[in-house]
Amino acid sequence: MANLIQPKVLKGFRDFLPETEISRKDIQQTLEETFKSFGMVPIDTPVLEYTDVLLGKGSGETDKQIYRFNDHGKRDVAMRFDLTVPFARFMAAHINELYLPFKRYHISKVWRGENTQRGRYREFTQCDFDIVGVDTPEADFEILSIMHASLKALGVPDIHIHISHRGIFNAFLDHLGISDDLAEILRIVDKLAKIGEDKVLEMLTELADGDKASRILEYISAEGSFDDILGKLENLSGGPTPGSERIRIVRQMMIDCGIEELFVLNPSITRGLDYYTGIVYETFLDALPAIGSVCSGGRYNNLASIYSKTEMPGVGSSIGLDRLMAALDELGTSSSKKSLTDVLIMNMDRSLKGHYFSLATKLREAGLNAEVFLDNKKFKNQFSFAERKAIPFAVICGEDEFKENRVTLKDLNARQNFEMLTIEEAIEKIKEISG
RNA sequence: GUGGAUAUAGUUCAAUCGGUAGAGCACCAGAUUGUGGUUCUGGGUGUUGCGGGUUCAAGUCCCGUUAUCCACCCCA
């Protein structure tokens, strides 16, 4: 007994107690239902992959953050740091067994060895949804539409989805003749909201001459209505581009569906990951911009190209479940604790224990979740147990009820008794009260 | 990974100049009702994150370490 091992968990990794886990599962279920309602199908892939498979298309940053080690067979392996790269590998491996366009969702944990912060962990859950095999505005729009539907189904208040387009920005930089520094410029541009225009201009001036730097700033800080901004971007890039045409079509689809209010054209959104080639999205909560994007993605037309010669354009997005939950928690809008058990059968008279279990079976057969209290503690104790688990009903059956083959039902929230009911009547009553 | 702040009971907090840790709520045991919201009695439930050091004496001072929060970086 002398040397107990500390029951500690790793930095950035967490245990989930039932209360939290129940709402996590609820959220996941709501998302799954939403994804399925759009015709998406689930897949799964391994947690561990060959390192070269995962690093094939990443940037230097992912290299640093990835959990990587040698397995027992001396293979160089790594844990997936997102669900998109494994998905690209999956598509390349199974393209002949699938149909296009292929729409899948994938809700699972991923791992990144970066520093932790609120809403930012080393082990976290992503909810990805992607469409592969088509490069159309319809697909771009459908992803936006699913983002909107998902967050709406979850009851996330006051969001705006910021969209932008890598293609337009690339055309713009080409027009300026400075596309070589793309990666560096993207990084700086991405900070606009955080560090302000002056700082951004200062940093850009170190890369390009002053005139070009201020042109970039002009591009990324364009203001006005959606259409105004789009027009400005086109002017700055020397006229309409395929990208801007695409955005215009997607915009019209938003209007046709009456959801255009939620979308903001924000040219400073660029996304750090360099595999994006077209439209990109980020979602912010109006009340909590500091926590970052809770749902981001974009179009990546070459992602599978390192695994396969078959061209597989894709577009998709990812909801950060843990970050979203941290945000909802902070906003106080997370759902109140729910019970999974509908009825607790009180352990009142131990000689009737067999009867209690048969009552529980009857309740379950009627579609109710029921459990028998597993100890002969006092009522007080059994009631506190029910309260801790937020169980709404208790069934009490003592000698008197048993003789008449009846039970007493107690509505634990209202603290109201319904005495001497048959079990069938009790079931009816429970369903009536819980609606 | 770099820099800064923080860490005391289940929880929210307290503990003066260094003197072996207290309070509310919560919780546990018991009494009384066939049934918990009242009442009464009793209980502090703690390795002060962890490990060292200084000291007669450390929650308090020093060093290290781990975790959390914040900023950078990056991102969900």
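Per chain, numbering begins at 1; letters A, B, ... match sequence-line order. All values reported here derive from a predicted model rather than from experimental measurement.
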Distance check: side-chain N/O of [X] vs OP1/OP2 of [N], anything under 4.0 Å?
{"X": "A/Arg388", "N": "B/G36", "value": "no"}
{"X": "A/Lys378", "N": "B/A31", "value": "yes"}
{"X": "A/Lys11", "N": "B/U66", "value": "no"}
{"X": "A/Gln65", "N": "B/C75", "value": "no"}
{"X": "A/Lys380", "N": "B/U33", "value": "no"}
{"X": "A/Arg118", "N": "B/C70", "value": "yes"}

Parallel, tilted or perpendicular: rings of A/Phe379 and A/Phe383 (30°, 60°): perpendicular
Classify the angle between the aromatic ring planes of A/Phe373 and A/Phe385 as parallel (below 30°), tilted (30 to 60°) or perpendicular (above 60°). perpendicular
If you compare all heavy atoms of A/Asn266 against all heavy atoms of A/Ser164, which two are closest, and at what distance to 0.1 Å? O-CB, 3.4 Å
Base [N] paired with [X] side chain (donor-acceptor, <3.5 Å):
{"X": "A/Glu114", "N": "B/A76", "value": "yes"}
{"X": "A/Arg187", "N": "B/C74", "value": "no"}
{"X": "A/Arg323", "N": "B/C75", "value": "yes"}

Could you work out which one of [options] sits closest to the side chain of [X]?
{"X": "A/Lys191", "options": "B/G37, B/C74, B/A76", "answer": "B/C74"}
{"X": "A/Thr116", "options": "B/U68, B/A76, B/G1", "answer": "B/U68"}
{"X": "A/Lys410", "options": "B/G36, B/A71, B/A76", "answer": "B/G36"}

G-U wobble or Watson-Crick pairing nucleotide for [N] (cut-off 3.5 Å, both distances):
{"N": "B/G59", "value": "none"}
{"N": "B/G44", "value": "none"}
{"N": "B/G22", "value": "B/C13"}
{"N": "B/C72", "value": "B/G1"}

If you look at every strand shown and take non-hydrogen atoms under 4.0 Å, does [X] touch a base, only sugar-phosphate, or nothing?
{"X": "A/Ser293", "result": "sugar-phosphate"}
{"X": "A/Met348", "result": "base"}
{"X": "A/Gly12", "result": "sugar-phosphate"}
{"X": "A/Asn417", "result": "base"}
{"X": "A/Lys8", "result": "nothing"}
{"X": "A/Gly119", "result": "base"}
{"X": "A/Cys127", "result": "nothing"}
{"X": "A/Leu321", "result": "nothing"}
{"X": "A/Arg122", "result": "sugar-phosphate"}

Kindly state each residue pair satisfying ring-ring contact (aromatic ring centres under 6.0 Å, His included) with at least one member in residues 136-164 of chain A, sequence neighbours excluded. A/His162-A/Phe284
ring-ring contact (aromatic ring centres under 6.0 Å, His included) contacts in which one or both residues fall within residues 403-435 of chain A, not counting sequence neighbours: none
